[in-house]
Q: 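Have a look at this one.
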Amino acid sequence: MDFAGLEQRLARLEDDRAIRDLKARYLRACDTKDVETLRDTLLPEGAVIAYDGFPPFAGREAFVEVYRAMGCAPGVFDIHHGANGVITFETPERACGAWSLLFHSINLANRTLTLMGVEYEDLYVKQDGRWWIAETRSRRHSCLIHSVDERGSVTVSTMGEPPATFG
Amino acid sequence: MDFAGLEQRLARLEDDRAIRDLKARYLRACDTKDVETLRDTLLPEGAVIAYDGFPPFAGREAFVEVYRAMGCAPGVFDIHHGANGVITFETPERACGAWSLLFHSINLANRTLTLMGVEYEDLYVKQDGRWWIAETRSRRHSCLIHSVDERGSVTVSTMGEPPATFG
Amino acid sequence: MDFAGLEQRLARLEDDRAIRDLKARYLRACDTKDVETLRDTLLPEGAVIAYDGFPPFAGREAFVEVYRAMGCAPGVFDIHHGANGVITFETPERACGAWSLLFHSINLANRTLTLMGVEYEDLYVKQDGRWWIAETRSRRHSCLIHSVDERGSVTVSTMGEPPATFG
């Protein structure tokens with residue numbers, strides 16, 4: 001009978017759950033324009049945020065400012081839904097995550113509708129008794145953009161490969 | 001060595017799993033028009049169902065009747081997919097849940113296509129040895145409605161804010 | 001105090017997690033055209049793969065070849081996102097799974113956009129110390145197909161019931 005082994009296995013499952021909840025809070029904050037929750041999911045010092053179509057972000061605060069300017073602009077209605085999550089532990093305090101993202105965005109200023117399939121590769125670390133997103137990288141693998149004219153007519157402007165830049 | 005503490009932590013994970021499965025069964029029943037399963041996920045007495053765009057429902061049976069009339073109508077093809085789920089326990093028998101919903105509906109009678117991003121705030125309770133949805137509230141934060149004419153041409157009729165009423 | 005009982009409950013949660021990760025790897029491999037990972041999720045001998053709209057597949061290798069020809073064709077950009085997953089154990093080494101799938105496909109050769117809501121019914125078995133997809137059946141319950149002409153104009157060609165054959 002190995003009580004300590006059992007406790008380690010249980011802690012692993014709790015950590016897996018905590019990391020998935022962390023990612024869920026990040027994604028929900030993207031949609032609800034909850035800047036403080038978004039910031040709080042990311043490692044305060046040294047976070048790597050490398051999103052396909054964006055220039056690299058110099059850490060958490062730089063990312064949060066871009067999010068505030070773009071994601072929180074009036075007339076932006078975003079959907080960030082995570083799926084297919086797999087968490088792999090390197091150590092009890094360090095884990096990788098793979099997630100698929102369904103991204104949909106209505107942009108009233110541009111009159112565009114964007115649907116993308118995105119893959120995230122994340123690194124999570126446990127510090128100060130909780131988990132953080134330490135690194136997060138994305139790759140867009142499917143992109144569909146419609147333009148909507150003033151009468152509501154729809155034209156596909158991008159179909160398949162994503163454009164070089166996101167914005 | 002604290003065997004009882006370990007058992008409590010394990011039970012918490014089992015309850016988290018059971019609540020997520022409960023919500024999954026609810027959402028799947030919405031799509032497969034499985035009225036009995038839908039009813040069985042909701043607390044028999046006193047359930048609060050407050051869905052954005054609908055008038056308040058007077059308990060489980062009132063909701064089930066509206067679902068049967070609207071969701072099960074011929075020519076309705078719905079997708080209710082949950083994502084970004086986070087369960088937070090208040091007590092061992094009471095927990096809150098946050099879920100993001102991707103809702104897509106094809107309505108042949110109206111010739112409309114509706115895509116929505118929705119946020120749920122739920123309350124779950126454990127009674128009689130199982131979990132129930134005791135309260136569920138939704139808020140639509142992204143809405144896109146297309147109309148399809150008889151030749152198949154598509155026009156956007158709603159883009160961004162959802163209309164005041166759902167139906 | 002029942003140490004063995006606790007260990008069995010913990011192993012059940014670990015198995016539930018492992019099966020969900022298996023399905024996530026399968027679905028991600030579909031999108032990233034990772035044929036080797038796709039193959040590795042399916043039981044080597046005797047796998048049943050019965051997907052709505054396709055003729056029956058004669059085992060894993062037959063399925064992988066069809067996937068390679070169709071899913072990996074140039075100009076195909078797919079999204080397979082799992083949701084609403086529920087795993088039910090029959091024995092410690094055999095479990096059923098219900099999953100909802102959001103399927104979106106851009107096909108540049110056909111100039112079509114396909115969105116489908118699909119339900120999977122799976123059987124998983126544990127062999128050689130790991131889980132495998134032994135049986136997987138799908139049913140499409142919502143189907144929307146757009147055709148995109150050379151100027152980008154969009155016409156709905158299928159709305160509601162899926163066509164008899166997938167391809």
Side-chain angles (χ1 to χ4, degrees), chain A residues 1-17 19-20 79-89 96-104 112-113 115-121 139-149 152-162, chain C residues 1 3-4 6-18 20-34 37 74-85 99-109 111-113 115 146-156:
Chain A
M1 162 168 153
D2 177 5
F3 189 84
L6 210 63
E7 199 282 335
Q8 281 173 18
R9 288 165 59 190
L10 181 60
R12 172 60 48 94
L13 288 176
E14 291 172 332
D15 285 328
D16 181 287
R17 183 70 268 152
I19 291 169
R20 291 172 188 270
I79 294 173
H80 290 77
H81 289 181
N84 302 346
V86 177
I87 310 300
T88 311
F89 286 82
C96 297
W99 291 94
S100 304
L101 174 74
L102 186 83
F103 174 76
H104 184 268
T112 53
L113 312 172
L115 177 69
M116 293 200 296
V118 179
E119 289 295 320
Y120 283 111
E121 293 287 342
R139 191 174 65 79
R140 301 166 296 166
H141 64 81
S142 170
C143 183
L144 179 66
I145 306 178
H146 288 89
S147 295
V148 184
D149 75 10
S153 288
V154 175
T155 308
V156 171
S157 56
T158 297
M159 183 173 166
E161 295 287 346
Chain C
M1 162 166 154
F3 189 83
L6 211 63
E7 199 282 335
Q8 281 174 19
R9 288 166 58 191
L10 182 60
R12 173 61 47 96
L13 288 175
E14 290 171 334
D15 284 327
D16 181 286
R17 182 72 267 153
R20 291 171 189 272
D21 289 357
L22 175 74
K23 187 72 175 182
R25 286 199 298 271
Y26 169 85
L27 293 173
R28 175 171 297 107
C30 290
D31 289 355
T32 59
K33 303 174 192 263
D34 178 351
T37 297
V76 172
F77 298 82
D78 280 353
I79 295 174
H80 291 77
H81 288 181
N84 303 346
W99 290 94
S100 303
L101 174 74
L102 187 83
F103 174 76
H104 185 268
S105 182
I106 299 170
N107 188 311
L108 296 186
R111 297 193 66 81
T112 53
L113 312 172
L115 176 70
H146 288 89
S147 295
V148 184
D149 75 11
E150 295 194 357
R151 293 161 309 166
S153 288
V154 175
T155 307
V156 171

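Chain letters run A, B, ... following the sequence lines, proteins first and then strands; every chain starts at 1.
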Q: Quick one: side-chain hydrogen bond (donor to acceptor under 3.5 Å, both in side chains) pairs with a partner in residues 75-85 of chain C, sequence neighbours left out?
A: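 Output for this query lists D31(C)-H80(C), D78(C)-S105(C), N84(C)-S100(C).
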Q: Is chain C contacted by the side chain of E119(A), its backbone, both, or neither, given a heavy-atom distance below 4.5 Å?
A: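 Just the side chain, heavy atoms under 4.5 Å.
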Q: Heavy-atom distances under 4.5 Å only: say whether R12(A) touches chain C with side chain, backbone, both or neither.
A: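 The answer is neither part of R12(A).
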Q: Mind checking the CE-NE2 spacing from M159(A) to H146(C)? Nearest 0.5 Å is all I need.
A: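 These two atoms lie 11.0 Å from each other.
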Q: Does any backbone or side-chain atom of A4(C) lie under 4.5 Å from a heavy atom of chain A? Answer side chain, backbone, both or neither.
A: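 Nothing of A4(C), per the 4.5 Å heavy-atom cut-off to chain A.
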Q: Which heavy atom in G85(A) sits nearest to a heavy atom in A24(C), and how many Å separate them?
A: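 Minimum heavy-atom contact is O-CB, 4.1 Å.
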Q: Identify which part of L101(A) has an atom lying under 4.5 Å from any heavy atom of chain C, answering side chain, backbone, both or neither.
A: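 Only the backbone of L101(A) comes within 4.5 Å of chain C.
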Q: Once you round to the nearest 0.5 Å, how far does CZ of F3(A) lie from CG of L6(C)?
A: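 Answer rounded to 0.5 Å: 8.0 Å.
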Q: Only pairs of heavy atoms separated by less than 4.5 Å count here; which of L102(C), L10(C), L27(C) has the most with chain A?
A: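 The candidate making the most pairs under 4.5 Å is L10(C).
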Q: Within this structure, what is the CD-CZ distance for the pair E161(A) and F77(C), rounded to the nearest 0.5 Å?
A: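 Between E161(A) CD and F77(C) CZ, I get 4.0 Å after rounding to 0.5 Å.
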Q: Could you go through T155(A) and V154(C), starting from their C-alpha distance and side-chain angles, then the distance that decides it, and tell me whether this counts as side chain to side chain contact (heavy atoms under 4.5 Å, CB included)?
A: CA-CA 6 Å; T155(A) 308; V154(C) 175; over 6 Å; no
Q: Below 4.5 Å from any heavy atom of chain C, which atoms of L13(A) appear? Answer side chain, backbone, both or neither.
A: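 Looking at L13(A), just its side chain touches chain C.
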Q: So, for G82(C) and A83(A), which heavy atoms are closest and what is the spacing to 0.1 Å?
A: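 Minimum heavy-atom contact is O-CB, 3.7 Å.
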Q: Could you walk me through whether R9(A) and E7(C) pass side chain to side chain contact (heavy atoms under 4.5 Å, CB included), step by step?
A: CA-CA 10 Å; R9(A) 288 165 59 190; E7(C) 199 282 335; 2.9 Å; yes
Q: Enter the distance from I79(C):CD1 to M116(A):CE here, rounded to the nearest 0.5 Å.
A: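 These two atoms lie 9.5 Å from each other.
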Q: I'd like to know if the side chain of R20(C) reaches the main chain of V86(A), judged simply by a donor and an acceptor atom lying under 3.5 Å from each other, with no hydrogens or angles considered.
A: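 No, the answer is negative, given that no donor and acceptor are paired below the 3.5 Å cut-off.
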Q: Name the region of R17(C), side chain, backbone, both or neither, that has any atom closer than 4.5 Å to a heavy atom of chain A.
A: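 For R17(C), side-chain heavy atoms alone lie under 4.5 Å from chain A.
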Q: Using a cut-off of under 4.5 Å for heavy-atom pairs, which of C143(A), S142(A), S157(A) has the most such pairs with chain C?
A: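 Ranked by heavy-atom pairs under 4.5 Å with chain C, first place is S142(A).
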Q: Kindly indicate whether the side chain of R139(A), heavy atoms from C-beta on, has any atom under 4.5 Å from the side chain of T32(C).
A: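 In short, these two side chains touch, coming nearer than 4.5 Å.
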